[in-house]
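Predicted model, so just to flag it, every value in this text is computed and none were measured. Each chain gets a letter, A, B and so on, in the order the sequences are listed, and its residues count up from 1.
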Number of protein chains: 2
Amino acid sequence: MDSRDRRRAATLAEIKAAARRLLVSGGSAGVGLRAVARELGLTPPALYRYFPSHEALIGALIADLYDELTTALMDLQCADEDADLGARLYLLANGLRDWALAHPAEFGLLFGTAVPEPDGDGHEETPGHQAAMRFGALFKELVAQIWHQKPFPHPADDELGTVLVEQLTAESEHFHGMPPGAIYLSLNYWTRLYGLICMEVFGQLHWVLPDAAAYFEAQLFEIGQALGLDCPEPE
Amino acid sequence: MDSRDRRRAATLAEIKAAARRLLVSGGSAGVGLRAVARELGLTPPALYRYFPSHEALIGALIADLYDELTTALMDLQCADEDADLGARLYLLANGLRDWALAHPAEFGLLFGTAVPEPDGDGHEETPGHQAAMRFGALFKELVAQIWHQKPFPHPADDELGTVLVEQLTAESEHFHGMPPGAIYLSLNYWTRLYGLICMEVFGQLHWVLPDAAAYFEAQLFEIGQALGLDCPEPE
DNA sequence: GTTAACAGTTAACGCTGTTCACTCAAGCTC
DNA sequence: GAGCTTGAGTGAACAGCGTTAACTGTTAAC
């Protein structure tokens, strides 16, 4: 009952490796159930011993990719153990962009398609969703650390409007008790970073900026300032 | 040769209407060639009299949707003929968000998928691409008008770095001769607006903000300020 | 009135995800 | 060790997909 399980785990890893290979070479459309089976010299129905459907296979691949990205970013920001928190956020943001540019197909699979609405009742608890949460926590944790080490100036409640303050306050526990204005700036950081990288990777930017590296750098400086950080000046 | 052409144009419109219907009801995956044919009571090969491939049909649908969005936004900002330019930009931004939220499937088809790289030599001249250009021109024109009416303070060249200034200057003609710093702020406006709407529509935001309307309003105020506008204060 | 062009159909090909019935080898129990 | 069970893998099949080829009517033009 042991060597049996090991063999199963091995082929399961092989399946996901083949799927990954097909994703890189042919985009998300290229990773079909039959194509994966062909890659392994198996017949298509054999894969149903490991995944209940094609969608489940893709879901497992997504979860794996999220985890890979998360650990890659953790390694990156923990490499300079004595780096200050601002530098770590800078590493995180740049690391995310580098990963996205180096693995556009994988990034597209993770962030390019629409996330299904949270079905209200039972929290959509797919492995991919959980992995995405772990990924998102990276940023929340780091921003909260930055805040608690040196609180940055943030908009007052009456500048944000009562509705927004109420919504942000509801998220306060997820941000380690930060005030609404500080959560607003953190959300701003994430929103702009995410938007920038998506636009660059998905090519929505290179009809005006063929190489968006300098623009990204300038924007990173700008959004870091809002969090009280002085990131490296652009060139 | 006249009633013939009219009949052809009519069925062509019917095809695109059916495709649109399927897009709304079943997402971009639902608008298949056979499904469109079924919707019209035709056999699948009949559609090849009107489009050389399924991809071409989707392309035509995309172009139509771009044009619909463009004219809708033009109508919106021209309804108040005497509104000042800042208010028109505000209408444009809010109109885009409203359209995206009201037509998520259409928005996903237009902006959700990756844009193919510009192939360098011959400018990718699909109808969809041209329509996207007309859409993008809406913003460029309006921002340029705002700039020429009342130039807003913008970062100096040495604040942006030589590389970025060079790239922005190359785009100067498309922005009616605006200086690099002003183009930078315009790009910033578009980038943030686009990122915000994409995140909201694609559900990447509603795990932290179930209703992003207030956040959007606050951000719109912020990015408008950078262009020297005083948009309506949040609530 | 003949001819040519065109809309549309039927049949088929190769592809996809998926299911069912089956085989064969490995592991456990008596 | 014999018998049984479990599970990995196969082959055949189904429905649906985009696409092509050959064919049938209808309709406009000379």
| Any side-chain donor paired with an acceptor under 3.5 Å for Tyr184(A) and Gln219(B)? | yes

| query | When every nucleotide of nucleotides 8-18 of chain C is labelled 5' to 3' by its protein contacts under 4.0 Å (heavy atoms), B for base, S for sugar-phosphate only, - for none, what sequence of letters results? | reply | BBBBB---BBB

| message | Less than 4.0 angstrom between a side-chain N/O of Arg8(B) and OP1 or OP2 of dA7(C), yes or no? | response | yes

| task | Rounded off to whole Å, could you give me the CZ-to-C1' distance for the Arg6(B) and dA28(D) pair? | result | 14 Å

| note | From CD1 of Ile58(B) across to P of dC17(D) the rounded distance in Å is 13 Å

| said: According to ring pair (Phe, Tyr, Trp, His ring centres under 6.0 Å), who are the partners of His103(A), at least two apart in sequence or on a separate chain? | reply: Trp99(A)

| said: Assess whether a salt bridge exists between Glu141(B) and Arg134(B), defined as any Lys/Arg side-chain N lying under 4.0 Å from an Asp/Glu carboxylate O. | reply: no

| Salt bridge Arg20(A)-Glu68(A), side-chain N to carboxylate O under 4.0 Å | yes

| Are Tyr194(A) and Phe111(A) close enough that their ring centres sit under 6.0 Å apart? | yes

| message | Just the rounded figure in Å: distance from P of dT5(D) to CZ of Arg4(A). | response | 16 Å

| request: State whether the side chain of Ser186(B) and the backbone N or O of Val143(B) hold a donor-acceptor pair below 3.5 Å, judged by distance alone. | output: no

